[in-house]
A.B. asks: 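Got a structure for you, questions after.
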Amino acid sequence: MKKIAKAALAAVLLVGTSLSAVAVERGGVMTYGRYADSLFLDPVLNDANVDIWILSNLYDTLLLPTDDGKGVQAGLATEWKVSDDGMSVNLTLRDGIQFSDGSPITPADVAWSLKRAANKDNGIWNFLVSSIDDVTTDGDKTIVLKLKHPDPAILAALTVFNTAILPQKVFEAAAGATDADKAKVFAEHPVSSGPFVLQSWDRGSTMKLVRNEHYWGKGEDGKPLPYLDGVTFEVLPDDATRILKLNSGEIDGAEFIPYSRVEELKSAGNLNMELFPSTRVQYVTMNARPQIKGKDNPLSNPKVRQAMNYAVNKDAIIAIVTHGVGKPLTSYMSSATPMHTGDKPLYAYDIEKAKSLMKEAGFEKGFDTSILVLAGNQDEIGIATALQQMWAELGIKLELQQVDNATRTQQYRDGVFTMREAAWTDDIADPNEITSYFVYSPTIDALHTGWKNEEADKLFDASQKEIDATKRAAQYARIQEIYNAQGPIVPLYETPYPVALSKKVHGFLQIPLGNNFFGRAWLDK
Amino acid sequence: MQNIGSGSLPLFSFVLRRILQMIPTVVFILVVTFVLVRLLPGDPASAMLGDRAIDADVERINASLGLDKPIPVQFLYFVKNVFTGDLGTSIALKLPVTTIIMQRLPVTLMLTLMAALLALVLAVPLAFLAALRREQTADAVIRGTFQVGLSMPVFYVGILMLTVFGATLKWFPVGGYGDTFADRLYHLFLPALTLAFSFSAVLMRNLRSSIIGVINAEYVDFARAKGLRPRIIMTRHVLRNALISTVTLFGLQIGTLFGGAVITETVFAVPGAGRLMIDSIYGRDYPVLQGLTIALAVLVSLTFLATDIFQAWLDPRVAR
């Protein structure tokens, strides 16, 4: 009923031509400086952004995200249709598609890959496709997903890295007794379905990808994608070194430029300083339980949380910490997340209102509290120090507790932390992932804060099965209204992905979910 | 009877004794490491899955790693595996720990070795020069320069070297690690020089004051009175005696040099064991952490052994 899309080729061509007026050039290897190396190249069993954000170059999915990261377009499937009752999805595979070893990509590979992704015992991403009950094939081109319930996010889920299509025969032939063992062997030399193939991987140093000669995509010159002969990732953990190497021409691009250097590189003129729109949000989480370790917790009072929100001058923090790169949040989810609502910054700075809320809550004189700060992380220390000064206006004495990440995670998961800083990026072009973690109490107690709102929980349950887009948008508008007013966080800012590229580089894209796409990148000769 | 082989026998039994002493040291470190990594707050699954982990996933993964078993049981498995040469599988990298260590440790060894050699090349002649021209301009300049080297943090010296010799002059690559052996030596030169800078300052100061002490000793006066050539006096009498305390210092500082390598490897993007160590601490990658600590404990013990042997050769009284 909902969507019938055709001719993905046209869509790809359209995007391609809108990117550049100059004719593309083919060949060359693009070298890209990363802040950390990948860990494990299995789409289902990985658990880190260092893997997720490059996996799309190796493994293709049935559908692909659009460049703005909000919609879907054709990938390995050229047609897709959700049934009227929302209980099944029919997909048609593209003609003549092959894996990097030249073998055909069959409906059986697709069914096997999707079932593996949905298997509860596999990895931590299966919740994204938990609605899939069964996957069947019909003939040599058709795949049918049978769902347990209508799932409004199922098409978006088919663009996510964990639903990538792998060659069943090659994977199963890999040595090892269990799926996890086979994955370890397969992921060392994966057979790809995406634009590139892994050629070599020197752990902690360099990863070399070369073009997949069997990739289906066509460039704007009508010849097969990718334009590049290969991509080489260099692991350069030190920010200053990464930028030096880019400036000296030894690499063509560098990710995670520190905010403090963005303006400098923009005005330098020898590079393109890109700020790709992102779903990254920065916030402070507040434990909302009445008691923490047997002691009364003032943060459990919604008025106290509101007062603390009003007392934070977000513009000042954005200026200090992000050097003006960030924007104030207008909802707990980023403005790049589908169904985001809100057009004005949350809790604009108002110290008088903050003071009167504290008085109403019975904390006129303030109280002592603490925040966990990631030791050695300049951004977190900067934010915490600013909060300390701003909340002192309310008589709140904030103690900074510097800890390492694993220690913080432990206290967080045990629900015994008082406050902590955190950042989030979406993995799916849908508001359900962030909302499940931030709002919906059954997932992780609303960011382990113990906060719970019956109405929001019910709305989320309903929205997960609502296939009427208008009704679902209304549900999300209400969830955001509730959470933004009473929720257990101090929303601080959203930031883009700062990537610096040599002027030679064209067509490189990082979508709001963070995925780096080299498939349509090309270099001036 | 007691005179036969008296030249080498004490040295031999001395070395044997020192090797036997290494065994309890390494075992002790093995136990301490095993316990300490588990006393750190957090567990591998939480560290790996991060903030989004749900309880079921954390429990499932910790169980698959055998971490749900009591610690004494885990320790028995660990000891059994170590004695069969199996250090386990990295939790984060999903590769055998021995494979990872064999990839990363030689890089750090090469870096440390180059740094130590560079430090000696810099320190020994300059210490002589400074000692012989004591309180003169040359002495002041040498000591002043090394004082600067000693007071600047390693990461700063590193960035400075990269900016000047890498990005600006383009004599060396701006960090990274090459493909061939020669290329790797080329890539490692600047990081080694960075490490050598502060290391040689320590050595130079120590050696300079020892030389000054030795030069005034009676046996040097005697050698001079015998009419020995100055070069012979310098190498056979002064250097040999002055080196004794510097060799001790050199051995002790190798451990510090490794600590410096952690920072240097990050700044210069060298894929060595230092960075691996930091990553495994943050990731609570117990098997890698344990394996790496054992490997390092053995290496440092071997360095101490080599230092002792060299010292015993310089000063045979040490071996008695």
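Within every chain, numbering begins at 1; the chains are lettered A, B, ... in the order of the sequence lines, protein sequences first and strands thereafter.
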A.B. asks: Do side-chain atoms of Thr241(A) reach the backbone of Phe268(B) as a donor and acceptor pair under 3.5 angstrom?
C.D. replies: no
A.B. asks: Counting only non-hydrogen atoms closer than 4.5 Å, does Ile444(A) touch chain B with its backbone (N, CA, C, O), its side chain (CB onward), both, or neither?
C.D. replies: side chain
A.B. asks: Do Asp43(B) and Arg413(A) sit within salt-bridge range, that is, some charged N less than 4.0 Å from a carboxylate O?
C.D. replies: no
A.B. asks: Counting N and O atoms only, with roles assigned by atom type, does the side chain of Arg60(B) sit under 3.5 Å from a partner on the main chain of Asp121(A), one being a donor and the other an acceptor?
C.D. replies: yes
A.B. asks: Go through the atoms of Thr168(B) and report whether side chain, backbone, both or neither lie under 4.5 Å from a heavy atom of chain A.
C.D. replies: neither
A.B. asks: Thr206(A) versus chain B, heavy atoms under 4.5 Å apart: side chain, backbone, both or neither?
C.D. replies: neither
A.B. asks: Taking all heavy atoms of Ala406(A) and all of Pro41(B), pick out the closest pair and write down the distance.
C.D. replies: CB-O, 4.0 Å
A.B. asks: Need one label for Asp179(B): side chain, backbone, both or neither, based on atoms under 4.5 Å from any heavy atom in chain A.
C.D. replies: side chain
A.B. asks: With rounding to the nearest 0.5 Å, note down the distance linking NE2 in His187(B) to OG in Ser205(A).
C.D. replies: 8.5 Å
A.B. asks: Could you check whether any side-chain N or O of Tyr437(A) sits under 3.5 Å from a backbone N or O of Arg52(B), counting only pairs where one atom can act as donor and the other as acceptor?
C.D. replies: yes
A.B. asks: For Ala92(B) versus Leu39(A), what's the shortest heavy-atom pair and its separation?
C.D. replies: O-CB, 3.7 Å
A.B. asks: Which pair of non-hydrogen atoms, one from Leu244(A) and one from Val174(B), has the smallest distance, and what is that distance?
C.D. replies: CB-CG1, 3.7 Å
A.B. asks: Taking all non-hydrogen atoms of both residues, which atom of Ile159(B) and which atom of Ala240(A) are closest, and how far apart?
C.D. replies: CD1-CB, 3.5 Å
A.B. asks: Shorter than 4.5 Å, heavy atoms on both sides: which option in Val270(B), Val267(B), Ile54(B), Leu162(B) has the most such pairs with chain A?
C.D. replies: Val267(B)
A.B. asks: Are the side chain of Lys170(B) and the backbone N or O of Ser248(A) linked by a donor-acceptor pair below 3.5 Å?
C.D. replies: yes
A.B. asks: Does any backbone or side-chain atom of Glu188(A) lie under 4.5 Å from a heavy atom of chain B? Answer side chain, backbone, both or neither.
C.D. replies: side chain
A.B. asks: For chain A, find which of Pro271(B), Gly283(B), Pro44(B) contributes the most heavy-atom pairs closer than 4.5 angstrom.
C.D. replies: Pro271(B)
A.B. asks: Counting only non-hydrogen atoms closer than 4.5 Å, does Lys184(A) touch chain B with its backbone (N, CA, C, O), its side chain (CB onward), both, or neither?
C.D. replies: side chain
A.B. asks: Heavy-atom cut-off 4.5 Å, strictly under: side chain, backbone, both or neither for Val58(B) against chain A?
C.D. replies: side chain
A.B. asks: Quick one: closest heavy-atom pair of Asp51(B) and Tyr412(A), and the distance?
C.D. replies: O-CE2, 3.6 Å
A.B. asks: Taking all non-hydrogen atoms of both residues into account, name the closest pair between Arg203(A) and Arg104(B) and its distance.
C.D. replies: O-NH1, 4.1 Å
A.B. asks: In terms of side-chain geometry, is the basic nitrogen of Arg275(B) or Asp37(A) positioned less than 4.0 Å from the acidic oxygen of its partner?
C.D. replies: no
A.B. asks: Is Asp404(A) close to chain B through its backbone or its side chain, or both, or neither, when contacts mean heavy atoms under 4.5 Å?
C.D. replies: side chain
A.B. asks: Please classify the contact of Arg420(A) with chain B as side chain, backbone, both or neither, using a heavy-atom distance under 4.5 Å.
C.D. replies: side chain
